[in-house]
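Below: the structure, in structure tokens.
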Amino acid sequence: MEIKPANNFLRSIIAAELENGTATEVVTRFPPEPNGYLHIGHASSICLNFGLAEHFGGRCHLRFDDTNPEKESQEYIDAIQAEVKWLGFNWHGDVRFASSYFQQFYDWAVVLVEQGNAYVCDLTAEQAREYRGTLTEPGKNSPYRERSVEENIELLAGMKSGDYDEGEKVLRAKLDMASPNMNMRDPILYRIRKQHHHQTGNDWVIYPTYDFAHGQEDAIEGVTHSICTLEFEGHRPLYNWFIEQLPVPSTPRQFEFGQLNLSYTIVSKRKLKQLVDEGIVSGWDDPRMPTISGMRRRGYSPASLRHFCEMAGVSRTEGVVDVAMLEHAIRDDLNEDAPRAMCVLNPLKVVLTNYPQDQLQALTAPRHPNREELGTRTVPFSRELYIDADDFREEANKKFKRLVIGKRVRLRNAYVIEADETIKDANGEIIEVRARIIENTLGNNPEDGIKPKGVIQWVSGAAGKRAKVKLFDRLFNDAAPDRGDKNFLEHINPDSLCVVEEAWIEPSLLEAVPEQIFQFEREGYFVADRYEHSSETPVFNKTIGLRDTWNN
RNA sequence: UGGGGUGUCGCCAAGCGGCAAGGCACUGGGUUUUGAUCCCAGCAUUCGUAGGUUCGAAUCCUGCCACCCCAGCCA
């Protein structure tokens, strides 16, 4: 599919900068913290960063912002790389790690101290909070604010060599405790964390904060446009301050955009992790998760996700995109390439009384109705077959275009049949429908001119196979499950997963390989499960249903 | 409340002083062996609001209103 990138405010800004010489190249970066899997919001950021670099002939780095070992792990690092690759992006050069710049950060911290721009503070976390003041009241200077450069150097070295306990001391910038911007009230640069780090092991016991690390990481890598979400806007003055004070090799600038939010879903790593930790979903890659790996497992294609991100656009407003737009992008892409097949989810036996008992006819059906070049498949036809119970009614009004006693329906890719009677069990449940084939209707309309009103899918009882099919519905039944003071856990949709243990599938589906996507005609798109599917035990996940304009 | 942001159709979103793009959704109609796809048509006299500047404003100015972010040794 062709994805034509829409214009957005960042493109306009950068184009103007390139034009007037403010910028001479475009280097961006996607900087996840490895503390969870990536979600649809990150996909948008990835498309933005890589897209901008590509559009302007620049480059984009993948950099792990791993400054807080407490919440990070190698598992996430591996997953994130796989997710970015799967989406179809290639980062420039090696994967980068903020942690590989730790020594440089420390050296720069020393520079700040030498400049008199930073000091070691002994206030406890609680005291620091009190000293910080409030939104309307200025803060108070820390009593440790005026320590000498020599003392600060010594104390900082002590922090680094492990002389103090966690929380005992921090390094802070000496800015302005009365600043109306809370971020400028002597922000913390280093804290003591006696923790093993997934990349640096036990080399460090002090770790830089986001504020002290991010801009410098950008500067080291020559990033020109450091794009982040809106909540970092208030940090920009600080970001710039470090760049101005320190002898950094380049001058990156920060730009903010509004994160992509989706209706009926949650885009918060923290909350998504909670769903995983509490066992509400089977894992980060549960097909109901809005994570990239979850959507992959669900059958969403990389192209559809990228297309969706382009459709949703990028701006500085904090909107909520209708999940219908995502669904449209998925269908739009899958419709193009997904081979068609037939599957019956809720089987009802049909016996064709005028068809020979032991005959098995090999019918030929196109793999795609609009793309002949995709070839054909063989679909066996027999006297006994299964249709979906929803496609039959003993009687119905004219709007019902499926099988009804005394009426006709076309069996997709096969004959027109007419239903005669039903057979019921002791409870009065219909267990079988007896019907007849209308002669000479393979590829033709009935000769008597009575055309069937509808078409339904079917699977041969003699040659069809069984498969497990997982049907998904939205994970939350509230359009904004975590808005305001709502507890998203109270809005979980209890029916978000429905497993059909024994669906009937046409035999050609046994050739499916994991992650192959099909359209089960009249039902929707289904993907052979990435992990559980095999020819012996076929397992399909419902990606998304077909658009359904049949209102009833 | 101090500071920083944002307000264009039900939902995204272009627009950058010359007279409201596009997509999603929705509504009609056509094609169709998927109630799918596809096609065609409709869908903001109005841009949070009140004023002002101008021949002319969604675009400039002023006030007001609403919502979001910041008081982690998270990012």
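Proteins come first, then strands; the chains are lettered A, B, ... in the order of their sequence lines, and each starts at number 1.
Checking B:A36, B:C12, B:A75 against the side-chain heavy atoms of A:T67 singles out B:A75 as nearest.
Under the 6.0 Å cut-off for aromatic ring centres, A:H197 and A:Y207 qualify, their centroids lying closer than that.
Rounded to whole Å, the P atom of B:C9 lies 29 Å from the corresponding atom of B:G3. Comparing B:G4 with B:C64, their P atoms sit 15 Å apart, to the nearest whole Å. The gap from the P atom of B:C68 to that of B:C60 amounts to 25 Å, rounded to the nearest Å. Nucleotides B:A71 and B:U6 are separated by 22 Å at their C1' atoms, to the nearest Å. Spacing between B:A75 and B:A66 at atom P, rounded to whole Å, works out to 35 Å. When the P atom is compared between B:C24 and B:G42, the two are found 16 Å apart, to the nearest whole Å. Spacing between B:C67 and B:C26 at atom P, rounded to whole Å, works out to 30 Å. Rounded to a whole angstrom, the distance from the P atom of B:A21 to that of B:A41 is 15 Å.
Rounded to whole Å, the distance from CZ on A:R547 to P on B:C39 is 12 Å. Protein atom CZ of A:R522 is 7 Å distant from nucleotide atom C1' of B:G35, rounded to whole Å. The nearest whole Å value for the distance from the CD atom in A:E137 to the P atom in B:A71 is 16 Å. For A:F9 and B:U6, the CZ to P distance is 9 Å, given to the nearest whole Å. Summarising the geometry, the separation between CG on A:L230 and C1' on B:C67 is reported as 13 Å, rounded to the nearest angstrom. The distance between atom CG of A:L411 and atom P of B:U34, rounded to the nearest whole Å, is 13 Å. The OH-C1' distance, from A:Y144 to B:C73, rounds to 15 Å in whole Å. Taking atom CD of residue A:Q519 and atom P of nucleotide B:G35, one finds them 10 Å apart after rounding to whole Å.
Comparing A:S12 and A:A414 by the nucleotide of RNA chain B whose heavy atom lies nearest to each, the residue mapping closer to the 5' end is A:S12. Toward the 5′ end of RNA chain B lies the nearest nucleotide of A:I456, the other residue of the pair A:I456 and A:K169 mapping further downstream.
Contact annotation: A:R191 reaches the phosphate of B:C74 (side-chain N/O to OP1 or OP2, under 4.0 Å). The phosphate of B:C69 (OP1 or OP2) has no side-chain N or O of A:N181 nearer than 4.0 angstrom.
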query = Where do A:E17 and A:R253 land on the salt bridge (Lys or Arg N to Asp or Glu O under 4.0 Å) test, with the steps shown first?
reply = CA-CA 12 Å; A:E17 287 181 353; A:R253 285 169 301 136; 2.8 Å; yes
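Results of the ring-ring contact (aromatic ring centres under 6.0 Å, His included) test with A:F242 over A:F105, A:Y210, A:F212 single out A:F212 as the only residue that passes.
Glycosidic conformation of B:G72: syn, with the torsion inside 90° of 0.
Counted by atom type alone, A:E521 and A:Q519 present zero donor-acceptor pairs between their side chains at under 3.5 Å.
In a base pair of the Watson-Crick type (N1 to N3 plus N6-O4 or O6-N4) or a G-U wobble (N1-O2 and O6-N3), with each distance short of 3.5 Å, B:U49 is matched with B:G63. In this structure, B:G22 and B:C12 make a Watson-Crick or G-U wobble pair, each of the two defining distances being under 3.5 angstrom. Checking B:G56 for Watson-Crick or G-U wobble geometry (two distances, each under 3.5 Å) identifies no partner in any strand.
Counting non-hydrogen atoms under 4.0 angstrom, A:G167 reaches a base of the nucleic acid. Nucleic acid contact class of A:N413 (heavy atoms, under 4.0 Å, all strands): base.
With sequence neighbours left out, A:K160 forms a side-chain hydrogen bond (donor to acceptor under 3.5 Å, both in side chains) with no residue at all.
Under the 30°/60° scheme for interplanar angles, the aromatic rings of A:F520 and A:F526 are found to lie parallel.
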